[in-house]
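These notes are about the structure you will find just below.
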Amino acid sequence: MKLTIIGSGYVGLTTGACFAEAGHHVMCVDNDPRKIQTLLDGNIPIYEPGLATLVKKNVVSKRLQFTTSTEDGVNYGEVIFIAVPTPPQPDGSVDLSYIEKVAREIAVCLDSYRVIVDKSTVPVKTGERVSQTIRRYAKAGVEFDVVSNPEFLREGSAVDDLMHPDRIVIGGNSDRALAVMQKVYEPFVAPVLVTDINSAELIKHAANSFLALKISYINALSEICEISGADVEKVAEGIGMDKRIGRSFLNAGLGYGGSCFPKDISAFIAIAEQLGAPLNLLKEVEKINAHQLNRFLQGIREALWVLKDKKLAVWGISFKPNTDDVRSSVAVNLIEALVAEGAKVTAFDPKGMEKFKELPLAGKVTLTESALEAARDAEALIVATEWPEFATVDLAELRDVMRTPLIFDGRNLLDPEAAASHGFQYRGIGRGTLPGLV
Ligand SMILES: NC(=O)c1ccc[n+]([C@@H]2O[C@H](COP(=O)([O-])OP(=O)(O)OC[C@H]3O[C@@H](n4cnc5c(N)ncnc54)[C@H](O)[C@@H]3O)[C@@H](O)[C@H]2O)c1
């Protein structure tokens, strides 16, 4: 099939490459000419494991192409996916102007039947608005259907998630469009759930909110563990062994961040309120998330007394491992707070430093070539992102390069016993009774 993706970012580009890999012919559109030029030059504007190889392979086989022209995209694909940003507004609701703009841009180019698929994460009832907008701006009588097909990929494993999804959700109100969508997903082996548009939209917000809720739940428990002397890692293990609950997303840490969870949770709260069915439960999830970082910072202040002019090393800038994405990263919020208190922050991230350099905060931080280099002469090390390579660091070498042996492990990544045996004072999250604590 011929498919078009409008918006070639983390979701659009990866989806396009995976559709091409599955045998479709794909045109990826983006209105950022620099991004398209980078792709036309054979480079990839983001880091996602396996993506570069997939893009190159499918460009060579002519199944994947790039353009800045929405008109070319609309003429090309029988299905047009929308994968543009849906950022938060100051009040927490979603800025839907990107979606509305693309709907208008598609409408004016429509000549014959197309299925227009919303892949961006949007509040329930957005599909209805997209449909109305296209109807208003399209030529009279032109046929189209709008479908919701939310995306569940995780950055860092997006290629695998797209090639082998847990489920495919297709929300549509027309049999014709649903039949087209079944064809799109024919090459993929995964359960397909067909729903109405509103349910599909709701599933995405509800799923992300549930995962955030799990994170906040274990984080709330981590505070109780610290006060009571229990170990949150054991508690998580014990809870997670119950198959009804499961161990995933029960990792105590600095809280959730990234380009999806914070905005999706606040968007869900906002739409629920607008609809007259407030989700106060999720407000608590947000509160716990903010409290977790504040608590951690307080622990650092308590141990170091004054942060001003102290050299502090931060390991990890990206919002999670295996990605270069630093959008709404808790690590960035943490660095910002330390810098605001006058600390001299030295930081290292295996993939996130290039994107971090685009932020004004980067000018106030020293970035280094390696994790050990960041820790050199530091008075404390803070682990902010759980990159696997940080877990295997030589602790003896780390101890040698640091000025004072203090570790604040915001992701419970390091082994506290091993750290203590190398002379470190170690403070994790919710690991109250372990030896060597600050
Ligand atoms: N990143 C994730 O892990 C993830 C996962 C699931 C869902 N989502 C959702 O997918 C959507 C896109 O997220 P993303 O992370 O890919 O964003 P992104 O910012 O990486 O990519 C969006 C792209 O759309 C382009 N764009 C904006 N307006 C356009 C227009 N009018 N025409 C053509 N291109 C346009 C931008 O230039 C950008 O390249 C969001 O709604 C997000 O919530 C993201």
Side-chain angles (χ1 to χ4, degrees), residues 4-18 27-39 44-49 51 66-74 77 80-89 93-109 116-123 126-127 130 133 148-162 165-169 200-201 203-205 207-209 211-212 256-268 318-320 322-329 355 358:
T4 294
I5 318 259
I6 302 186
S8 306
Y10 284 89
V11 168
L13 179 61
T14 321
T15 306
C18 290
M27 183 178 278
C28 281
V29 182
D30 205 286
N31 66 356
D32 178 348
R34 272 191 326 163
K35 199 169 265 189
I36 292 299
Q37 196 53 51
T38 303
L39 288 161
I44 308 292
I46 56 169
Y47 171 73
E48 186 58 46
L51 182 61
F66 307 105
T67 178
T68 51
S69 163
T70 302
E71 189 175 0
D72 289 353
V74 175
I80 299 159
F81 289 85
I82 301 174
V84 297
T86 46
Q89 306 198 90
S93 66
V94 182
D95 173 359
L96 288 166
S97 61
Y98 294 85
I99 299 277
E100 195 265 353
K101 183 164 177 272
V102 173
R104 279 188 282 118
E105 287 168 352
I106 294 171
V108 296
C109 306
I116 294 141
V117 184
D118 195 355
K119 204 164 237 324
S120 294
T121 302
V122 292
T126 299
V130 169
T133 304
S148 166
N149 172 218
E151 184 47 61
F152 300 100
L153 66 78
R154 296 161 299 173
E155 285 179 27
S157 54
V159 169
D160 196 48
D161 289 346
L162 279 162
D166 285 348
R167 82 295 210 187
I168 293 158
V169 174
E201 290 170 338
I203 286 169
K204 175 63 190 176
H205 267 159
N208 271 6
S209 298
L211 294 172
Y256 61 79
S259 71
C260 290
F261 278 14
K263 83 165 171 71
D264 290 351
I265 281 66
S266 62
F268 202 24
S318 58
F319 84 96
K320 64 189 268 192
N322 294 318
T323 179
D324 62 348
D325 197 350
V326 301
R327 293 176 290 177
S328 300
S329 168
K355 294 269 193 283
E358 293 166 16

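In each ligand, atom 1 is the first atom listed, and ligand 1 is the first ligand listed. The basis for the numbers below is simple: all heavy atoms, side chains too, and nothing from hydrogens, waters or symmetry mates.
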Task: Proximal atoms of ligand 1 relative to Lys204 (non-hydrogen, under 4.0 Å) - done: 6 (C)

Task: Ligand-residue contact atoms, ligand 1 with Gly7, heavy atoms, under 4.0 Å - done: 23 (C), 24 (O), 25 (C), 34 (N)

Task: Atoms in ligand 1 with a heavy atom of Val102 nearer than 4.0 Å - done: 30 (C), 31 (N)

Open item on the list: Can you check which of Asp30, Ile106, Thr70 brings a heavy atom nearest to atom 37 (O) of ligand 1?
Closed with: Asp30

TODO: Please say whether Arg154 places an N or O atom under 3.5 Å from an N or O atom belonging to ligand 1.
DONE: no

Open item on the list: I'd like to check which ligand 1 atoms, numbered from 1 as shown, lie under 4.0 Å from a non-hydrogen atom of Cys260.
Closed with: 2 (C), 3 (O), 4 (C), 5 (C), 44 (C)

TODO: Just let me know how Val122 lines up against ligand 1, side chain, backbone, both or neither, with a heavy-atom cut-off below 4.0 Å.
DONE: neither

- [ ] Look only at interatomic distance and state if Thr121 has a nitrogen or oxygen under 3.5 Å from any nitrogen or oxygen of ligand 1.
- [x] yes

- [ ] Check ligand 1 against Tyr10 and write out every atom of the ligand that is under 4.0 Å from a heavy-atom position of the residue.
- [x] 1 (N), 15 (O), 16 (O), 20 (O)

Open item on the list: Counting only nitrogen or oxygen atoms and a 3.5 angstrom limit, does Glu155 reach ligand 1?
Closed with: yes

TODO: Output yes when the distance from some N or O of ligand 1 to some N or O of Gly12 is under 3.5 Å, and no in every other case.
DONE: no

Task: Best match, Ala103, Ser8, Pro85: closest heavy atom to atom 27 (C) of ligand 1 - done: Pro85

Task: Per-atom contacts of ligand 1 with Lys35, taking only distances under 4.0 Å to non-hydrogen atoms - done: 38 (C), 39 (O)

Open item on the list: List ligand 1 atoms under 4.0 Å from Ile6, heavy atoms only on the residue side.
Closed with: 32 (N), 33 (C)

- [ ] Measure Tyr98 to ligand 1 on non-hydrogen atoms and call it side chain, backbone, both or neither using the 4.0 Å cut-off.
- [x] side chain

